[in-house]
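Single-structure report; data block below.
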Amino acid sequence: MDARQLKIEAAREALTHVADGMKLGIGTGSTAEEFVRLLAVKVGEGMTVIGVPTSERTARLCSELGVPLSTLDETPRLDLTIDGADEIDPALTLVKGGGGALLREKIVAAASARMIVIADASKLVDTLGRFPLPIEVNPFGLRATEIAINEAAARLGLDGPLTLRMTNGEPFVTDGGHFIIDASFGRIPDTRALSDALHAIPGVVEHGLFLELADAAIVADADGVRTVRAAA
Ligand SMILES: O=C[C@H](O)[C@H](O)[C@H](O)COP(=O)(O)O
């Protein structure tokens, strides 16, 4: 089974958690897009759902495929969010933001009664940090914010290059008008400490560590699909 098929299988299983009438947060990325495609088929067959997209990219795909959309202002409490992830640890702490949508993804997940993550098994790790941590920052004072991030990381014993995410020779700009710094700290043993330290920096808008937001992860590999719940 190729990587795309694994994403489809995880998305298909996630769809079994979607009931008629639900208000759904809809994630961003290649795995979430497979979920949107399968959801659109159900909508075509008569399922009634309303989706709140986590990015302009997801909103466009939903619109193209006929998935009814709302905004978080119109629909501020959601039943379920289905989203992908860049890394998933045994506590279901996540790294997200590889597609630059982490801020809206986190706002939508926090507004949802439940969050289910969908992924292929390559996203499972023992300790987060192999994937560079996306940090969304305000463009104002970028250099000062980078220095503050380095200092905060060093206080936690973390070190590694910070890379401003670029696209077509220009800084990548998020849907919120911010930049992304990808932080290659390596293993992050204390995700709570790093989360708190990053939140204390004024130029940091949000970071890609998702703590205590995911209720389950649906993970696909060559042997099939399994649901992982947070280790106690
Ligand atoms: O900003 C993007 C998101 O956090 C994605 O959900 C994440 O990068 C996973 O994307 P994919 O399913 O394409 O691996």
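We count ligands from 1, going down the list as the structure has it; atoms in each ligand are counted the same way. The analysis underlying the following values was restricted to heavy atoms, covering all of them including side chains, and did not include hydrogens, waters or symmetry mates.
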So, [X] and [Y], do they make that salt bridge, N to O below 4.0 Å?
{"X": "R226", "Y": "E13", "result": "no"}
{"X": "K96", "Y": "D83", "result": "yes"}
{"X": "K123", "Y": "E87", "result": "no"}

Name of the residue among L80, V108, L61, V67 meeting side chain to side chain contact (heavy atoms under 4.5 Å, CB included) with I26: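 Testing I26 for a side chain to side chain contact (heavy atoms under 4.5 Å, CB included) against L80, V108, L61, V67 leaves exactly one candidate, V67.
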Protein residues that have a heavy atom under 4.0 Å from any atom of ligand 1, sorted by chain and number: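 For ligand 1, the contacting residues are T28, G29, S30, T31, D83, G84, A85, D86, K96, G97, G98, G99, G100, A101, E105, K123.
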Give me each pair satisfying side chain to side chain donor-acceptor pair (under 3.5 Å) with a member in residues 158-169, each pair once, sequence neighbours excluded.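 Matches after skipping sequence neighbours: R165-D182.
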Which heavy-atom pair separates A10 from V225 by the least distance, and what is that distance?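 It is N-CG2, 4.4 Å.
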